[in-house]
K.L.:
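Dropping a structure here in structure tokens format, bear with me for questions.
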Amino acid sequence: MIDLVQLRREPDVVRAALARRGVSSVSVDEVIGLDNEHRLLLQESERLRAEVKELSRQVGEARRQNDTVTAESLSTASRAVGDQEQVAREATEAVALRLREHLLMLPNLPDERVPDGADESDNVEVRRWWPGMDDGAPFPEFAGYQRVPHWETGVALGILDMESGAKLSGSMFALYRGGGSRLLRALSMLSLDHHVQGYEEIRPPTLALTETMMSTGHLPKSADDMYAIERDGLWAIPTGEVPLTSLRRGEILSEAELPMKLTAQTNCFRREAGAAGKDTRGLLRLHEFEKVELFAYCTPEQADEIHADILGRAEGLLRELGLAYRVLDLCTGDLGTASAYTVDLEVYSPGVDKWLEVSSVSWFRDFQARRANVRYRKSDGSIALVHTLNGSILGWARVWAALVETYRQADGTVRLPAALDPYFGGEAVLR
RNA sequence: GGAGGGAUGACAGAGCGGCCGAAUGUACCGGUCUUGAAAACCGGCGUGGGCUUGCCCACCGUGGGUUCAAAUCCCACUCCCUCCGCCA
């Protein structure tokens with residue numbers, strides 16, 4: 001949620017920033033209007049409330065002096081004011097609710113670094129990396145045997161069974177087998193093993209309360225993309241970011257605790273409501289996948305460094321796996337609701353000849369912290385909202401696809417990168 | 001799932017209709033003392049909101065209710081603890 005105080009003080013700045021994301025000034029003005037209306041009503045109901053309190057205090061005083069007559073007449077007067085107060089309060093609350101609803105629908109202000117653009121085609125490529133690039137090698141020419149989609153290799157080697165996944169849970173649910181399953185486990189281990197030194201490992205629940213989903217900005221806006229378990233009021237999390245961001249919800253942290261860096265592997269659930277039929281073959285787009293997330297609560301001053309750290313770790317992992325990738329600055333049109341600045345990593349997967357998004361590294365400024373009410377006490381005793389950041393290291397389904405395609409050999413087997421050998425008890429080969 | 005007990009400020013813990021936003025202790029911050037530190041003593045010390053910046057309002061798990069007045073009484077719910085049941 002954006003800062004209402006900032007909206008009051010510099011409405012033009014907010015209007016201009018949100019206009020870059022396609023938010024009309026009308027919806028910003030609606031919020032300003034509701035805020036003004038709310039404050040007027042609030043003043044009136046608080047005034048009446050103060051009056052009731054004062055009269056009630058006088059009733060108590062009269063009673064103590066056994067002045068029943070005065071007490072009775074003051075009670076009657078207080079009751080009358082109380083009736084007015086109730087009307088005023090209900091009106092105030094109704095406007096407060098509308099104000100909150102509107103405010104929750106406003107996205108975060110994009111950072112200056114974010115390029116303007118309408119949709120993902122306007123994202124700006126920052127750099128590319130591929131194995132051997134540092135020694136001057138050109139972007140790889142992939143051989144014919146690498147130009148085989150992972151779902152074909154998956155069936156041929158018995159490591160991926162999309163049909164069984166569909167049989168069990170419907171389309172866009174994957175079932176990995178044998179070495180394919182082990183590969184998934186190996187990737188989680190590799191990633192977590194590399195990052196537990198700097199980031200505390202967490203195993204959060206994967207079902208979350210509405211409140212928890214609100215904090216990250218996934219609700220109310222993206223309800224259609226979430227799986228809901230209505231009977232119990234729970235939602236399946238779309239990313240580990242959800243529980244991690246709410247871990248300290250409502251708390252005041254001490255500055256010494258910051259940055260508080262966490263990592264978690266979770267299953268992620270997405271309905272992909274608007275994505276029917278688009279890039280949905282094999283592992284390209286799933287309703288459920290696994291992902292390791294890096295997350296941090298920090299001070300505004302620490303945010304840049306942490307963003308760089310998370311991005312560096314994600315890139316480091318891709319390099320270690322020897323996958324070609326590119327780094328994109330998301331444009332205003334593709335930026336997530338809560339984010340102020342996001343960098344995406346996409347791996348090149350030769351079998352499907354596509355760049356696949358495997359990581360998003362985002363800085364939310366205090367947008368999520370304001371919703372989640374996570375603050376910290378500075379050394380001077382004052383209190384401020386924390387900043388939150390997160391990034392994936394990485395989304396495994398697509399990395400799995402890229403690995404199986406990139407490392408497919410002429411004989412149809414897959415020799416995985418040596419970094420995975422320890423997790424295969426020897427040479428990591430799928431055959 | 002059943003039966004009991006509980007939820008109050010950073011923590012512990014009083015209050016159980018009327019100057020209670022809340023005693024007290026600890027922690028924390030400032031000061032005195034000290035070569036320095038500790039101890040002792042003195043002072044300060046919740047969060048958010050509104051406006052006429054001095055005042056007002058809200059918050060004692062959450063949501064309702066009773067009352068002139070609710071941390072305090074009533075109802076529902078949530079969570080935690082103990083015991084029983086079930087269970088990977």
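Residue numbers begin at 1 in each chain, while the letters A, B, ... track the order of the sequences.
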K.L.:
For E211(A) and U62(B), give me the distance from atom CD to atom P, rounded to whole Å.
P.N.:
11 Å
K.L.:
Give none if A39(B) has no partner; otherwise give the nucleotide forming a Watson-Crick or G-U wobble pair with it, both distances under 3.5 Å.
P.N.:
none
K.L.:
Which whole number of Å gives the distance between the P atom of C77(B) and that of G1(B)?
P.N.:
12 Å
K.L.:
Roughly how far apart are I393(A) CD1 and L187(A) CG, rounded to 0.5 Å?
P.N.:
11.5 Å
K.L.:
Tell me: CD of E85(A) to P of C56(B), nearest whole Å?
P.N.:
17 Å
K.L.:
For G5(B) and C59(B), measure between their P atoms and round to the nearest Å.
P.N.:
28 Å
K.L.:
My understanding is that a pair needs two contacts under 3.5 Å, Watson-Crick or G-U wobble. By that rule, which nucleotide pairs with C60(B)?
P.N.:
none
K.L.:
Using a strict cut-off of less than 4.0 Å between a Lys/Arg side-chain nitrogen and an Asp/Glu carboxylate oxygen, indicate whether E61(A) and R64(A) qualify as a salt bridge.
P.N.:
no
K.L.:
Mark yes or no: R365(A) above the aromatic ring of W363(A), with NZ or CZ under 6.0 Å from the six-membered ring centre and no more than 45 degrees from the axis.
P.N.:
yes
K.L.:
Give the rounded distance in Å between these two atoms: CD of E255(A) and P of C28(B).
P.N.:
18 Å
K.L.:
What nitrogen or oxygen pairs link the protein and nucleotides 73-78 of chain B at under 3.5 Å?
P.N.:
none

K.L.:
Can you tell me how far C1' in A58(B) sits from the matching atom in G21(B), rounded to whole Å?
P.N.:
11 Å
K.L.:
What's the gap between U47(B) and U35(B) when it is taken at their P atoms, as a whole Å value?
P.N.:
37 Å
K.L.:
Could you tell me the separation between the CZ atom of R49(A) and the P atom of G21(B), rounded to a whole number of Å?
P.N.:
11 Å
K.L.:
Please give, in whole Å, the distance from A58(B) P to E93(A) CD?
P.N.:
12 Å
K.L.:
Using whole Å, report how far CD of E61(A) lies from P of C19(B).
P.N.:
11 Å
K.L.:
My understanding is that only residues two or more places apart in sequence, or in another chain, count here; which of them pass side-chain contact (heavy atoms from CB on, under 4.5 Å) with E257(A)?
P.N.:
R248(A), L253(A), S254(A), M260(A)
K.L.:
Going by the rule side-chain contact (heavy atoms from CB on, under 4.5 Å), which residues pair with E427(A) if we only count those two or more places apart in sequence or in a different chain?
P.N.:
R415(A), V429(A)
K.L.:
Using a strict 4.0 Å threshold on nitrogen-to-oxygen distance, state whether R79(A) and D83(A) make a salt bridge.
P.N.:
no
K.L.:
Does U82(B) have a Watson-Crick or wobble mate here (both distances under 3.5 Å), and if so which one?
P.N.:
A3(B)
K.L.:
Distance between the P atoms of A12(B) and C86(B), in whole angstroms?
P.N.:
35 Å
K.L.:
With salt bridge (charged side-chain N to carboxylate O under 4.0 Å, His left out) as the criterion, how do E315(A) and R319(A) come out once you've worked through the C-alpha distance, each side chain's angles and the decisive distance to 0.1 Å?
P.N.:
CA-CA 6 Å; E315(A) 285 196 63; R319(A) 292 181 189 212; 3.5 Å; yes
K.L.:
If we count only N and O atoms by modelled type, under 3.5 Å, do the side chains of Q368(A) and T216(A) hold a donor and an acceptor together?
P.N.:
no
K.L.:
Does the pair H195(A) and L294(A) meet the rule for a side chain to side chain contact (heavy atoms under 4.5 Å, CB included), with working shown?
P.N.:
CA-CA 9 Å; H195(A) 303 293; L294(A) 292 177; 4.1 Å; yes
K.L.:
Is there a Watson-Crick or G-U wobble partner for U24(B) with both distances under 3.5 Å, and which nucleotide is it?
P.N.:
A12(B)
K.L.:
In the structure shown, which nucleotide is the Watson-Crick or G-U wobble counterpart of C19(B), with both distances under 3.5 Å?
P.N.:
none
K.L.:
Using whole Å, report how far CD of E51(A) lies from P of A69(B).
P.N.:
13 Å
K.L.:
To the nearest 0.5 angstrom, please state how far the CD1 atom of I310(A) sits from the NZ atom of K261(A).
P.N.:
8.5 Å
K.L.:
Quick one: which protein N/O atoms are closer than 3.5 Å to N/O atoms of nucleotides 45-50 of chain B? Pair and distance per line, please.
P.N.:
residue, atom, partner, partner atom, Å
U47(B), OP1, R377(A), NH1, 3.4
U47(B), O3', R375(A), NH1, 2.9
U47(B), O2', R375(A), NH1, 3.2
G48(B), OP1, R375(A), NH1, 3.3
G49(B), N2, E46(A), OE1, 3.3
G50(B), OP1, R8(A), NH1, 2.6
G50(B), OP1, R8(A), NH2, 3.0

K.L.:
Looking only at atom P, what distance separates C45(B) and U62(B), rounded to whole Å?
P.N.:
25 Å
K.L.:
With heavy-atom distances below 4.5 Å as the criterion, would you say the side chains of S359(A) and V361(A) are in contact?
P.N.:
yes
K.L.:
Indicate whether OP1 or OP2 belonging to C56(B) is found under 4.0 Å from a side-chain N or O atom of R47(A).
P.N.:
no
K.L.:
When you compare C80(B) with A22(B), how far apart are their P atoms, in angstrom units rounded to a whole number?
P.N.:
32 Å
K.L.:
In this structure, is the centre-to-centre distance between the rings of Y341(A) and H307(A) below 6.0 Å?
P.N.:
yes
K.L.:
Roughly how many Å is it from CG in D83(A) to C1' in U67(B), rounded to a whole number?
P.N.:
13 Å
K.L.:
Looking at C73(B), which nucleotide sits across from it as a Watson-Crick or G-U wobble partner, both distances under 3.5 angstrom, or is there none?
P.N.:
G65(B)
K.L.:
Can you list, by residue number, the residues of residues 73-82 of chain A that have a non-hydrogen atom closer than 4.0 angstrom to RNA chain B?
P.N.:
S75(A), S78(A), R79(A)
K.L.:
May I ask you to say whether K291(A) pairs ionically with E293(A), meaning some side-chain N is under 4.0 Å from a carboxylate O?
P.N.:
yes
K.L.:
Is there a side-chain contact between Y297(A) and L258(A) (heavy atoms, below 4.5 Å)?
P.N.:
yes
K.L.:
Would you please classify the geometry between the H287(A) ring and the F173(A) ring as parallel, tilted or perpendicular, with 30° and 60° separating the classes?
P.N.:
tilted
K.L.:
Do W400(A) and Y176(A) make the cut of ring centroids closer than 6.0 angstrom?
P.N.:
yes
K.L.:
Between the protein and nucleotides 16-18 of chain B, list every N/O to N/O distance that falls short of 3.5 Å.
P.N.:
residue, atom, partner, partner atom, Å
G18(B), O2', R64(A), NH2, 3.1
G18(B), N2, S56(A), O, 2.6

K.L.:
Using the C1' atom on both, measure A71(B) against G6(B) and round to a whole Å.
P.N.:
15 Å
